[in-house]
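Just the heavy atoms: all of them, side chains too, but no hydrogens, waters or symmetry mates, feed the values below.
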Amino acid sequence: MSSLKFFYSRLRTEEKQLFKAAEKLGIPFEFIDVRSLVWPDVDISPGDVAVGRVVSQTQNQAICQLLESKGVRTVNPSSVVALCGDKVATAAALDNAGIPQPPYRVAFSPDEAILASEQLGYPVVFKPPVGSWGRLLAKMNDRDAVEALVEHKSYMGPQHQVFFIQKYIEKDGWDLRATVIGGKPVTAIRRCSEHWITNTARGARAEGFPLDSILINILKKVHGAIGGDVLAVDLFQTRDGWLLNEVNGQPEFRSSIETTGVDLPELIVNHAWSLVSRD
Amino acid sequence: MTVNCVVCEGLVTMPEDVMEGELLLCPDCGTELELVSINPLTVEEAPEVQEDWGE
(Lines give C-alpha, C1' and ligand atoms only; values in the text may rest on other atoms or scores of the structure.)
Protein backbone atom coordinates (compact mmCIF):
# COMPACT_ATOMS: atom_id res chain seq x y z
CA MET A 1 0.00 0.00 0.00
CA SER A 2 1.32 3.43 -0.92
CA SER A 3 1.98 5.95 1.79
CA LEU A 4 3.26 9.42 2.53
CA LYS A 5 6.90 9.83 3.48
CA PHE A 6 8.23 12.98 5.06
CA PHE A 7 11.94 13.56 4.57
CA TYR A 8 13.44 16.08 6.97
CA SER A 9 16.62 16.89 8.86
CA ARG A 10 15.57 19.49 11.38
CA LEU A 11 12.34 19.01 13.27
CA ARG A 12 10.87 22.48 13.05
CA THR A 13 7.35 23.43 14.15
CA GLU A 14 6.19 22.95 10.56
CA GLU A 15 7.40 19.34 10.37
CA LYS A 16 5.61 18.49 13.62
CA GLN A 17 2.46 20.16 12.34
CA LEU A 18 2.62 18.08 9.14
CA PHE A 19 3.03 14.83 11.08
CA LYS A 20 0.13 15.73 13.35
CA ALA A 21 -2.06 16.60 10.36
CA ALA A 22 -1.34 13.20 8.77
CA GLU A 23 -2.16 11.49 12.07
CA LYS A 24 -5.38 13.43 12.44
CA LEU A 25 -6.44 12.60 8.87
CA GLY A 26 -5.67 8.90 9.38
CA ILE A 27 -3.20 8.87 6.48
CA PRO A 28 -0.44 6.24 6.62
CA PHE A 29 2.88 8.04 6.85
CA GLU A 30 6.45 7.73 7.89
CA PHE A 31 8.96 10.42 8.73
CA ILE A 32 12.58 9.90 7.79
CA ASP A 33 15.55 11.92 9.00
CA VAL A 34 17.89 12.07 5.99
CA ARG A 35 20.86 12.29 8.32
CA SER A 36 20.18 8.67 9.28
CA LEU A 37 19.93 7.16 5.80
CA VAL A 38 22.27 5.98 3.08
CA TRP A 39 20.75 5.78 -0.39
CA PRO A 40 19.47 3.39 -1.74
CA ASP A 41 18.65 1.75 1.60
CA VAL A 42 15.33 3.54 1.95
CA ASP A 43 11.95 1.87 2.37
CA ILE A 44 10.02 3.37 -0.53
CA SER A 45 7.82 2.08 -3.34
CA PRO A 46 6.83 3.56 -6.68
CA GLY A 47 3.47 5.19 -6.03
CA ASP A 48 4.53 6.64 -2.68
CA VAL A 49 4.54 10.38 -2.29
CA ALA A 50 7.47 12.01 -0.50
CA VAL A 51 7.21 15.44 1.07
CA GLY A 52 10.67 17.05 0.94
CA ARG A 53 11.20 19.06 4.12
CA VAL A 54 14.97 18.88 4.47
CA VAL A 55 16.18 22.24 5.76
CA SER A 56 19.24 22.23 3.49
CA GLN A 57 18.28 23.25 -0.04
CA THR A 58 21.10 21.12 -1.49
CA GLN A 59 20.12 18.02 0.45
CA ASN A 60 16.42 18.51 -0.23
CA GLN A 61 17.02 18.67 -3.95
CA ALA A 62 19.28 15.61 -3.86
CA ILE A 63 16.83 13.42 -1.98
CA CYS A 64 13.95 14.52 -4.23
CA GLN A 65 15.96 13.65 -7.36
CA LEU A 66 16.87 10.23 -5.96
CA LEU A 67 13.28 9.49 -4.97
CA GLU A 68 11.99 10.50 -8.39
CA SER A 69 14.47 8.10 -9.99
CA LYS A 70 12.59 5.32 -8.19
CA GLY A 71 9.17 6.48 -9.35
CA VAL A 72 8.26 8.35 -6.20
CA ARG A 73 6.34 11.59 -6.67
CA THR A 74 7.92 14.30 -4.56
CA VAL A 75 6.31 17.41 -3.09
CA ASN A 76 7.70 19.61 -4.51
CA PRO A 77 9.14 17.95 -7.62
CA SER A 78 12.94 18.25 -7.69
CA SER A 79 12.76 20.59 -10.71
CA VAL A 80 10.66 23.01 -8.64
CA VAL A 81 12.98 22.66 -5.66
CA ALA A 82 15.86 23.60 -7.97
CA LEU A 83 14.00 26.50 -9.56
CA CYS A 84 12.86 28.02 -6.27
CA GLY A 85 16.26 27.43 -4.68
CA ASP A 86 18.03 29.59 -7.22
CA LYS A 87 17.03 33.25 -7.37
CA VAL A 88 18.59 33.69 -10.81
CA ALA A 89 16.56 30.79 -12.23
CA THR A 90 13.40 32.05 -10.51
CA ALA A 91 13.85 35.55 -11.93
CA ALA A 92 14.35 34.15 -15.42
CA ALA A 93 11.21 31.99 -15.17
CA LEU A 94 9.16 34.95 -13.94
CA ASP A 95 10.50 37.09 -16.78
CA ASN A 96 9.50 34.46 -19.30
CA ALA A 97 5.99 34.47 -17.87
CA GLY A 98 5.78 38.28 -17.97
CA ILE A 99 5.31 38.57 -14.20
CA PRO A 100 6.42 41.98 -12.85
CA GLN A 101 9.37 41.86 -10.47
CA PRO A 102 11.89 44.40 -9.21
CA PRO A 103 14.38 45.36 -11.95
CA TYR A 104 17.46 43.13 -11.64
CA ARG A 105 20.82 42.40 -13.19
CA VAL A 106 23.04 39.34 -13.07
CA ALA A 107 26.79 39.95 -13.34
CA PHE A 108 29.70 37.52 -13.46
CA SER A 109 32.61 39.69 -12.42
CA PRO A 110 33.13 42.34 -9.73
CA ASP A 111 33.61 45.13 -12.28
CA GLU A 112 30.40 44.29 -14.11
CA ALA A 113 28.56 43.99 -10.77
CA ILE A 114 29.59 47.57 -10.00
CA LEU A 115 28.45 48.69 -13.44
CA ALA A 116 25.14 46.85 -13.06
CA SER A 117 24.53 48.56 -9.71
CA GLU A 118 25.13 51.95 -11.31
CA GLN A 119 22.73 51.06 -14.12
CA LEU A 120 19.98 50.07 -11.69
CA GLY A 121 20.51 53.12 -9.49
CA TYR A 122 21.03 53.05 -5.74
CA PRO A 123 19.97 51.60 -3.45
CA VAL A 124 20.36 48.06 -4.77
CA VAL A 125 20.21 44.71 -3.00
CA PHE A 126 22.79 41.99 -3.57
CA LYS A 127 21.35 38.53 -2.94
CA PRO A 128 23.23 35.25 -3.02
CA PRO A 129 21.53 33.09 -5.68
CA VAL A 130 21.07 30.34 -3.08
CA GLY A 131 20.10 31.30 0.42
CA SER A 132 17.24 32.14 2.68
CA TRP A 133 16.09 33.66 5.95
CA GLY A 134 17.55 36.94 4.72
CA ARG A 135 21.11 35.65 5.07
CA LEU A 136 23.82 37.63 3.31
CA LEU A 137 21.41 40.11 1.77
CA ALA A 138 23.24 43.37 1.32
CA LYS A 139 21.53 46.70 0.70
CA MET A 140 24.00 48.98 -1.06
CA ASN A 141 23.48 52.70 -1.01
CA ASP A 142 26.49 53.83 -3.04
CA ARG A 143 29.38 52.76 -5.24
CA ASP A 144 31.91 52.71 -2.39
CA ALA A 145 29.89 50.08 -0.56
CA VAL A 146 29.45 47.98 -3.71
CA GLU A 147 33.19 48.05 -4.41
CA ALA A 148 33.87 46.74 -0.91
CA LEU A 149 31.14 44.10 -1.11
CA VAL A 150 32.24 42.63 -4.45
CA GLU A 151 35.81 42.41 -3.21
CA HIS A 152 34.66 40.51 -0.12
CA LYS A 153 32.51 38.23 -2.28
CA SER A 154 35.50 37.42 -4.47
CA TYR A 155 36.90 35.47 -1.50
CA MET A 156 33.65 33.63 -0.72
CA GLY A 157 33.67 30.75 -3.20
CA PRO A 158 32.14 30.11 -6.62
CA GLN A 159 28.50 30.52 -5.64
CA HIS A 160 29.19 34.15 -4.80
CA GLN A 161 30.73 34.88 -8.20
CA VAL A 162 27.25 35.08 -9.69
CA PHE A 163 26.08 38.53 -8.63
CA PHE A 164 22.29 38.77 -8.42
CA ILE A 165 21.43 42.43 -7.97
CA GLN A 166 17.93 43.80 -7.50
CA LYS A 167 16.77 47.39 -7.47
CA TYR A 168 15.77 48.18 -3.89
CA ILE A 169 12.01 48.65 -3.62
CA GLU A 170 10.65 51.01 -0.97
CA LYS A 171 7.93 48.92 0.68
CA ASP A 172 6.75 51.04 3.62
CA GLY A 173 7.87 48.49 6.20
CA TRP A 174 6.08 45.41 4.94
CA ASP A 175 5.90 42.79 2.24
CA LEU A 176 3.35 40.13 1.44
CA ARG A 177 3.80 36.38 1.89
CA ALA A 178 1.19 34.30 0.06
CA THR A 179 0.89 30.52 0.09
CA VAL A 180 -0.24 28.48 -2.91
CA ILE A 181 -1.11 24.81 -2.48
CA GLY A 182 -1.89 22.58 -5.45
CA GLY A 183 -2.07 25.68 -7.65
CA LYS A 184 -4.65 27.35 -5.40
CA PRO A 185 -3.82 30.53 -3.44
CA VAL A 186 -4.89 29.85 0.14
CA THR A 187 -3.40 32.48 2.46
CA ALA A 188 -1.72 35.87 2.46
CA ILE A 189 -0.04 37.72 5.31
CA ARG A 190 1.70 41.04 5.69
CA ARG A 191 5.18 40.80 7.21
CA CYS A 192 5.95 44.04 8.98
CA SER A 193 9.31 45.17 10.27
CA GLU A 194 11.22 48.31 11.09
CA HIS A 195 14.14 46.65 9.31
CA TRP A 196 14.25 46.56 5.52
CA ILE A 197 14.48 42.74 5.69
CA THR A 198 10.99 41.49 6.55
CA ASN A 199 11.48 37.75 7.01
CA THR A 200 9.53 36.42 9.99
CA ALA A 201 12.63 34.28 10.67
CA ARG A 202 14.29 37.64 11.38
CA GLY A 203 11.57 38.83 13.71
CA ALA A 204 9.07 40.49 11.37
CA ARG A 205 5.49 40.71 12.71
CA ALA A 206 2.80 38.87 10.72
CA GLU A 207 -0.76 40.02 10.05
CA GLY A 208 -3.52 38.48 7.93
CA PHE A 209 -4.16 40.07 4.51
CA PRO A 210 -7.17 39.50 2.24
CA LEU A 211 -6.63 37.56 -0.96
CA ASP A 212 -8.41 39.64 -3.59
CA SER A 213 -8.95 38.81 -7.24
CA ILE A 214 -5.85 40.76 -8.37
CA LEU A 215 -3.60 38.83 -6.01
CA ILE A 216 -5.23 35.52 -6.85
CA ASN A 217 -4.66 36.19 -10.54
CA ILE A 218 -0.95 37.00 -9.98
CA LEU A 219 -0.45 33.96 -7.78
CA LYS A 220 -2.02 31.66 -10.36
CA LYS A 221 0.35 33.10 -12.97
CA VAL A 222 3.27 32.48 -10.64
CA HIS A 223 2.17 28.89 -10.22
CA GLY A 224 1.90 28.59 -13.99
CA ALA A 225 5.48 29.84 -14.34
CA ILE A 226 7.06 27.84 -11.51
CA GLY A 227 4.78 24.81 -11.09
CA GLY A 228 4.91 22.76 -7.93
CA ASP A 229 2.64 21.72 -5.11
CA VAL A 230 3.53 24.10 -2.29
CA LEU A 231 4.78 27.60 -2.98
CA ALA A 232 5.33 30.62 -0.75
CA VAL A 233 5.33 33.77 -2.81
CA ASP A 234 6.75 37.09 -1.57
CA LEU A 235 5.51 40.32 -3.13
CA PHE A 236 5.94 44.06 -2.75
CA GLN A 237 3.02 46.45 -3.16
CA THR A 238 3.95 49.53 -5.17
CA ARG A 239 2.02 52.43 -6.69
CA ASP A 240 2.23 50.60 -10.01
CA GLY A 241 0.94 47.29 -8.65
CA TRP A 242 2.44 44.15 -7.14
CA LEU A 243 6.05 43.18 -7.79
CA LEU A 244 7.11 39.62 -7.25
CA ASN A 245 10.18 39.38 -5.06
CA GLU A 246 10.83 35.68 -4.41
CA VAL A 247 9.23 32.24 -4.62
CA ASN A 248 10.02 29.66 -1.95
CA GLY A 249 9.47 25.96 -2.48
CA GLN A 250 9.78 24.69 1.05
CA PRO A 251 8.14 27.29 3.22
CA GLU A 252 7.93 27.74 6.92
CA PHE A 253 4.27 28.53 7.40
CA ARG A 254 3.60 28.82 11.12
CA SER A 255 3.05 32.60 10.91
CA SER A 256 0.46 32.14 8.18
CA ILE A 257 -1.57 29.69 10.28
CA GLU A 258 -1.70 31.86 13.37
CA THR A 259 -2.75 34.97 11.46
CA THR A 260 -5.21 33.54 8.92
CA GLY A 261 -6.70 30.57 10.77
CA VAL A 262 -6.15 28.41 7.67
CA ASP A 263 -4.96 24.90 8.50
CA LEU A 264 -2.02 24.83 6.07
CA PRO A 265 -0.53 21.52 7.33
CA GLU A 266 -3.85 19.79 6.66
CA LEU A 267 -4.12 21.34 3.20
CA ILE A 268 -0.55 20.27 2.34
CA VAL A 269 -1.02 16.74 3.63
CA ASN A 270 -4.37 16.36 1.87
CA HIS A 271 -2.85 17.62 -1.38
CA ALA A 272 0.14 15.27 -1.09
CA TRP A 273 -2.15 12.37 -0.27
CA SER A 274 -4.25 13.13 -3.37
CA LEU A 275 -1.10 12.42 -5.44
CA VAL A 276 -0.53 8.94 -3.98
CA SER A 277 -1.06 6.17 -6.50
CA ARG A 278 -4.20 4.19 -5.70
CA ASP A 279 -3.26 1.31 -8.08
CA MET B 1 10.48 15.24 31.52
CA THR B 2 13.65 17.18 31.97
CA VAL B 3 17.19 16.88 30.74
CA ASN B 4 20.37 18.76 31.54
CA CYS B 5 21.79 21.18 29.00
CA VAL B 6 25.07 19.84 27.61
CA VAL B 7 26.60 23.32 27.72
CA CYS B 8 25.61 24.80 31.09
CA GLU B 9 23.88 21.84 32.82
CA GLY B 10 20.74 23.95 33.23
CA LEU B 11 17.45 22.09 33.48
CA VAL B 12 15.54 21.88 30.18
CA THR B 13 11.88 20.87 30.36
CA MET B 14 10.43 19.00 27.41
CA PRO B 15 6.86 19.04 26.14
CA GLU B 16 4.85 15.82 26.68
CA ASP B 17 4.65 15.08 22.97
CA VAL B 18 8.36 15.63 22.38
CA MET B 19 9.85 13.78 19.39
CA GLU B 20 13.36 12.70 18.52
CA GLY B 21 14.97 15.44 16.49
CA GLU B 22 13.04 18.18 18.26
CA LEU B 23 14.83 21.42 19.00
CA LEU B 24 14.84 22.78 22.54
CA LEU B 25 16.16 26.01 23.96
CA CYS B 26 18.04 25.96 27.22
CA PRO B 27 16.35 28.58 29.44
CA ASP B 28 19.59 29.27 31.27
CA CYS B 29 22.22 29.76 28.55
CA GLY B 30 20.07 30.00 25.38
CA THR B 31 21.85 27.15 23.59
CA GLU B 32 19.76 25.44 20.93
CA LEU B 33 19.67 21.73 21.68
CA GLU B 34 18.49 18.77 19.64
CA LEU B 35 16.87 15.76 21.29
CA VAL B 36 18.79 12.90 19.67
CA SER B 37 17.28 10.10 21.74
CA ILE B 38 14.20 9.67 23.91
CA ASN B 39 15.36 6.47 25.56
CA PRO B 40 17.75 7.27 27.09
CA LEU B 41 17.01 11.00 27.08
CA THR B 42 19.94 12.57 25.25
CA VAL B 43 20.46 16.05 23.88
CA GLU B 44 23.27 17.50 21.81
CA GLU B 45 23.99 21.01 20.63
CA ALA B 46 21.85 21.55 17.51
CA PRO B 47 23.77 21.82 14.22
CA GLU B 48 24.87 25.31 13.22
CA VAL B 49 22.85 26.99 10.47
CA GLN B 50 24.39 26.35 7.05
CA GLU B 51 24.57 28.66 4.08
CA ASP B 52 21.87 26.84 2.09
CA TRP B 53 19.39 26.38 4.92
CA GLY B 54 15.93 27.80 4.83
CA GLU B 55 12.75 27.92 2.91
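Within 6.0 Å of the NZ atom in A:K184, the count of heavy atoms belonging to other residues, nucleotides or ligands does not exceed 12.
For A:T58, the side chain to side chain donor-acceptor pair (under 3.5 Å) criterion is met by B:D52, not counting sequence neighbours. For A:E30, the salt bridge (charged side-chain N to carboxylate O under 4.0 Å, His left out) test picks out A:K5, with sequence neighbours left out.
The line from CD of B:Q50 to CZ of A:R10 is 10.0 Å long, rounded to the nearest 0.5 Å. Between the CD atom of A:Q59 and the CH2 atom of B:W53 there is a distance of 8.5 Å, given to the nearest 0.5 Å.
For the pair A:L11 and B:E34, the minimum side-chain heavy-atom distance is 4.5 Å or more.
Close approach to chain A, defined as a heavy atom under 4.5 Å from one of its heavy atoms, is seen in B:M19, B:E20, B:G21, B:E22, B:L23, B:E32 of residues 18-33 of chain B, taken by number. Contacts from residues 15-26 of chain A to chain B, taken as heavy-atom pairs separated by less than 4.5 Å, involve A:K16, A:F19, A:K20 in sequence order.
Only the side chain of A:R35 comes within contact range of chain B, with heavy atoms under 4.5 Å apart.
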